[in-house]
Amino acid sequence: NAGVTQTPKFRVLKTGQSMTLLCAQDMNHEYMYWYRQDPGMGLRLIHYSVGEGTTAKGEVPDGYNVSRLKKQNFLLGLESAAPSQTSVYFCASSYPHPDTQYFGPGTRLTVL
Amino acid sequence: DAKTTQPPSMDCAEGRAANLPCNHSTISGNEYVYWYRQIHSQGPQYIIHGLKNNETNEMASLIITEDRKSSTLILPHATLRDTAVYYCIVRVRTGGFKTIFGAGTRLFVKA
């Protein structure tokens, strides 16, 4: 099993550009999460999903959209990137019980 | 979810036990204590979780006080590869709720 994978690993955007981060998991997990981590800080939850076709807002959802069209994939979109969105983005997935989360390797995004 | 308090950093000698404390004085009866760690530049890794009883697995032991207001993660024989940020999280066991990762404890294991 590959576990949780994220693409791309690195990306540089200009302000105003858009992009989509892809998270894929092969563990048949129901729940999936997107976090961001800024230098020297802990992880902050952006959005999460409790099943295919469902999404919910986390702690810092503004400026991001998500979709969960397939159970194994969770997409994070930035419609108009801003420098404040420069961060490392982590995806995670879990079963409902217990909710021990398995994380991907991260995507390093820089917005100029 | 209950708030947790952890020391910002700790040192430990290689081969010795690392004891990482966590205070969660407002924990509710249905909330579990979870521990994760994050090695530099990698995604967080689940370590262990528990409700009331002490727990042990191949990575660590978790000691929860009788009143459940604090806990300690124990790495019995720390190695250099255990240098990481350790996060203590208190939350209900059912998924789909917001998981708050605080600043954690930065553990330095020294040779």
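By convention in this document, chain letters (A, B, ...) are assigned in the order of the sequence lines, proteins followed by strands, and residues within each chain are numbered from 1. Heavy-atom basis, side chains included; hydrogens, waters and symmetry copies ignored.
More than 12 heavy atoms of other residues, nucleotides or ligands shown are found within 6.0 angstrom of CD on A:Glu52. By the 6.0 Å contact criterion, CZ on B:Arg106 is open, its count of non-hydrogen atoms from other residues, nucleotides or ligands being 12 or less.
Identified by a heavy-atom distance below 4.5 Å to chain A, contributing residues of residues 8-15 of chain B are lacking entirely. Of residues 103-112 of chain A, those residues with a non-hydrogen atom less than 4.5 Å from any non-hydrogen atom of chain B are, in numerical order, A:Phe103, A:Gly104, A:Pro105, A:Arg108.
Cluster membership check: A:Val66 does not share its hydrophobic cluster with A:Val88, using side-chain heavy-atom separations under 4.5 Å among Ile, Leu, Val, Met, Phe, Trp and Tyr. Linking Ile, Leu, Val, Met, Phe, Trp and Tyr whenever their side-chain heavy atoms come within less than 4.5 Å puts B:Ile89 and B:Val85 in one cluster. Residues A:Tyr35 and A:Leu76 fall into different hydrophobic clusters, defined by Ile, Leu, Val, Met, Phe, Trp and Tyr side chains chained together at heavy-atom separations under 4.5 Å. A continuous path of ILVMFWY side-chain contacts below 4.5 Å connects A:Leu45 to B:Tyr87, so both sit in one hydrophobic cluster. Note on B:Tyr34 and B:Ile74: separate hydrophobic clusters, where clusters join Ile, Leu, Val, Met, Phe, Trp and Tyr whose side-chain heavy atoms are under 4.5 Å apart, directly or indirectly.
Contact of A:Gln37 with chain B is made through the side chain alone, with heavy-atom distances under 4.5 Å. Residue A:Tyr102 does not touch chain B at all, counting heavy-atom pairs closer than 4.5 Å.
Under the ring pair (Phe, Tyr, Trp, His ring centres under 6.0 Å) criterion, A:His47 pairs with no residue at all, not counting sequence neighbours. B:Tyr36 pairs by the ring pair (Phe, Tyr, Trp, His ring centres under 6.0 Å) definition with B:Tyr46, B:Phe101, not counting sequence neighbours.
Ranked by heavy-atom pairs under 4.5 Å with chain A, the first of B:Pro44, B:Ser41, B:Gly102 is B:Pro44.
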